[in-house]
S.K.: 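This is the structure, below, for whatever I ask next.
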Amino acid sequence: MIGRRQFLAGAGALALAAARPSAVPAEEDGEASLATRARRKGLSFGTSVSTAELRLPALRAAVAREADLIVAQNELKWWNTEARRGQPTYGAADAIMNAPEFEALTRRGHTAVWYRSIPDWAKAEFSAGRGEAATLKRVRDIVAHYRGRIVEWDVVNEAVWPADGRPDGLRDTPLAAAGGLDLMADCFRAAHEADPDARLYYNDYAVEYASPGEDEHRAAILTFLEAMKRRNVPIHGFGVQGHLTVGNRFRERVFARFLADLAALDLKIRITEMDVSDQRLPADFALRDGKVADHARQFLDVAFDQPAVVGLVTWGLADPSPWLDAERARPDRLPQRALPLDRDFARKPLWTAIARSLDGAAKRG
Ligand code: G3I
């Protein structure tokens, strides 16, 4: 299939992309959901759901209306499913997975292995030299428990961070210390054994923008993925988290090159956690919403232009975003407007930007 990239190559590409008409005129299907628009192109639109959000019937209805895929935002993380050793607690995750409204939706799993979600008892295992075994058991347990139900897993999350100075480019964590690249490879193998049909992803952030730090990070991620491929590790995709911030330096060619390099490794790509921080913008709603939408559109047009990209997941569907307001609070402490729907579940300009970008995507074969 020939992507739009081939047609839009060159300096004027962004301007052209912005001016491009939608494949389906807005007046014909202005109401079509993001999932419907995605499906028309062989893509998928999903969103994360948290335990707190699950309590809101209107949120559940909005997710069922707009999305064809869900991911539990925190409930599958190790510290939530096994806070006490050998005593699995899947209730919070199952409440999301089994919500009647979401019955028809595809389920992603986030995340089997993440240095930030190691429970205290397991940290002690790492200290005692048994971290590798504990990690592989964790992968087997969680993937096997949801075998056939969760069809795609972030097996390993945020493991590469060259700034930490390790020769293998891995983030300096107990996981890297316990087993390095061998352990990462074994995590994918364990996941594959636990569910041979699941699609297995490596997921990471800080790959979207043009900066020396992100250049170095992208290169290290590609080196990591090449190493996995060389070892015949069962890895099927890369998750671009897509935590965007208006004002950061996005360069179409830099991001497109990275996506092309991933595709050349025979990997699928999913945008897995998109939200758009308005942290640096003035308070005015209309101004923020417009700039958030424009920023997302720039990013998504490049993403959907890469044929290996299979879909988009937003990190929440409706404002507010608790994690952004906690970890990246605006100086004026106002809630950010980072998600496609407002707090009353009405569609915002960001929703329209995603819709237009999906409408303009080439149909996957
Ligand atoms: O559930 C407890 C609650 O019982 C307690 O009262 C409260 C007090 O702090 O904490 C609640 O847990 C918080 C949880 O979110 C649910 O709100 C944790 O403290 C908090 O650390 C946790 O933050 C999550 C973070 O990952 C760490 O797990 C964010 O919600 C979640 O959005 C964020 O998601 C990550 C992805 O997994 C990986 N990529 C980056 C992304 C953003 O940081």
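In listed order, ligands and their atoms are each counted from 1. Computed from a predicted structure; not experimentally measured. For the single chain, residues carry numbers from 1 onward in sequence order.
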S.K.: Considering heavy atoms of the protein only, find what lies nearest to atom 34 (O) of ligand 1 and give residue, atom and distance to 0.1 Å.
M.R.: W315 NE1, 3.3 Å
S.K.: Is atom 28 (O) of ligand 1 close to the protein, meaning a heavy atom under 4.0 Å from it?
M.R.: yes
S.K.: Under the side chain to side chain contact (heavy atoms under 4.5 Å, CB included) test against M274, which residue among V240, L300, T47 passes?
M.R.: L300
S.K.: How about atom 43 (O) of ligand 1: does it have a protein heavy atom within less than 4.0 Å?
M.R.: yes
S.K.: Does a salt bridge link R37 with D359, judged by any charged N lying under 4.0 Å from a carboxylate O?
M.R.: yes
S.K.: I need the minimum non-hydrogen distance between M97 and A72, along with the two atoms involved.
M.R.: CE-CB, 4.1 Å
S.K.: Hey, is atom 20 (C) of ligand 1 touched by any protein heavy atom at less than 4.0 Å?
M.R.: no
S.K.: Going by the atom numbers of ligand 1, which of them fall below 4.0 Å from some non-hydrogen atom of E158?
M.R.: 38 (C), 39 (N), 40 (C)
S.K.: State whether any protein heavy atom lies less than 4.0 Å from atom 24 (C) of ligand 1.
M.R.: yes
S.K.: Anything under 30° is parallel, anything over 60° is perpendicular, the rest tilted; go ahead and classify Y146 against W153.
M.R.: tilted
S.K.: State which residue, out of E252, R253, E208, fulfils the side chain to side chain contact (heavy atoms under 4.5 Å, CB included) condition with V302.
M.R.: E252
S.K.: Give me the nearest non-hydrogen protein atom to atom 36 (C) of ligand 1 as residue plus atom name, then the distance to 0.1 Å.
M.R.: H110 NE2, 3.3 Å
S.K.: Short check: is a protein heavy atom less than 4.0 Å from atom 12 (O) of ligand 1?
M.R.: no
S.K.: Where do A191 and V155 come nearest, in terms of heavy atoms and distance?
M.R.: CB-CG2, 3.9 Å
S.K.: Which ligand 1 atoms, with their elements, are less than 4.0 angstrom from a heavy-atom of N157?
M.R.: 38 (C)
S.K.: Verify ring pair (Phe, Tyr, Trp, His ring centres under 6.0 Å) between F238 and F258, making sure each step is shown before the conclusion.
M.R.: CA-CA 11 Å; F238 177 76; F258 179 57; 5.7 Å; yes
S.K.: As a test of the contact definition, would atom 3 (C) of ligand 1 count as having a protein heavy-atom neighbour under 4.0 Å?
M.R.: no
S.K.: Return the closest protein heavy atom for atom 39 (N) of ligand 1 as residue, atom name and distance.
M.R.: E273 OE1, 2.7 Å
S.K.: Heavy-atom pairs closer than 4.0 Å: do any link ligand 1 to the side chain of T51, the backbone, both, or neither?
M.R.: neither
S.K.: So is there a nitrogen or oxygen of K77 less than 3.5 Å from a nitrogen or oxygen in ligand 1?
M.R.: yes
S.K.: Run the numbers for me: atoms of ligand 1, each under 4.0 Å from some heavy atom of R116, listed by number.
M.R.: 27 (C)
S.K.: Heavy atom under 4.0 Å from ligand 1: found in Y205's side chain, backbone, both, or neither?
M.R.: neither
S.K.: Give yes if a backbone or side-chain nitrogen or oxygen of W79 is under 3.5 Å from a nitrogen or oxygen of ligand 1, and no if not.
M.R.: no
S.K.: Looking only at side chains, do Q73 and S48 share a donor and an acceptor under 3.5 Å apart?
M.R.: yes
S.K.: Counting heavy atoms only, which part of N74 comes closer than 4.0 Å to ligand 1: side chain, backbone, both or neither?
M.R.: side chain
S.K.: Does the separation of the ring centres of F224 and Y202 fall below 6.0 angstrom?
M.R.: yes
S.K.: Looking at atom 8 (C) of ligand 1, would you say a protein heavy atom lies below 4.0 Å from it?
M.R.: no
S.K.: Run through K291, R337, R330 and flag the one making a salt bridge (Lys or Arg N to Asp or Glu O under 4.0 Å) with D278.
M.R.: R330
S.K.: What protein heavy atom sits nearest atom 32 (O) of ligand 1, and how far off is it?
M.R.: Q73 OE1, 2.5 Å
S.K.: For the residue pair Y90 and H145, categorise the inter-ring angle as parallel (less than 30°), tilted (30 to 60°) or perpendicular (more than 60°).
M.R.: parallel
S.K.: Please confirm whether W323 comes within less than 3.5 Å of ligand 1 when only nitrogen or oxygen atoms on both sides are compared.
M.R.: no
S.K.: I'd like to know if D301 pairs up with R356 as an ion pair, taking the criterion as any Lys NZ or Arg NE/NH1/NH2 lying under 4.0 Å from an Asp or Glu carboxylate oxygen.
M.R.: no
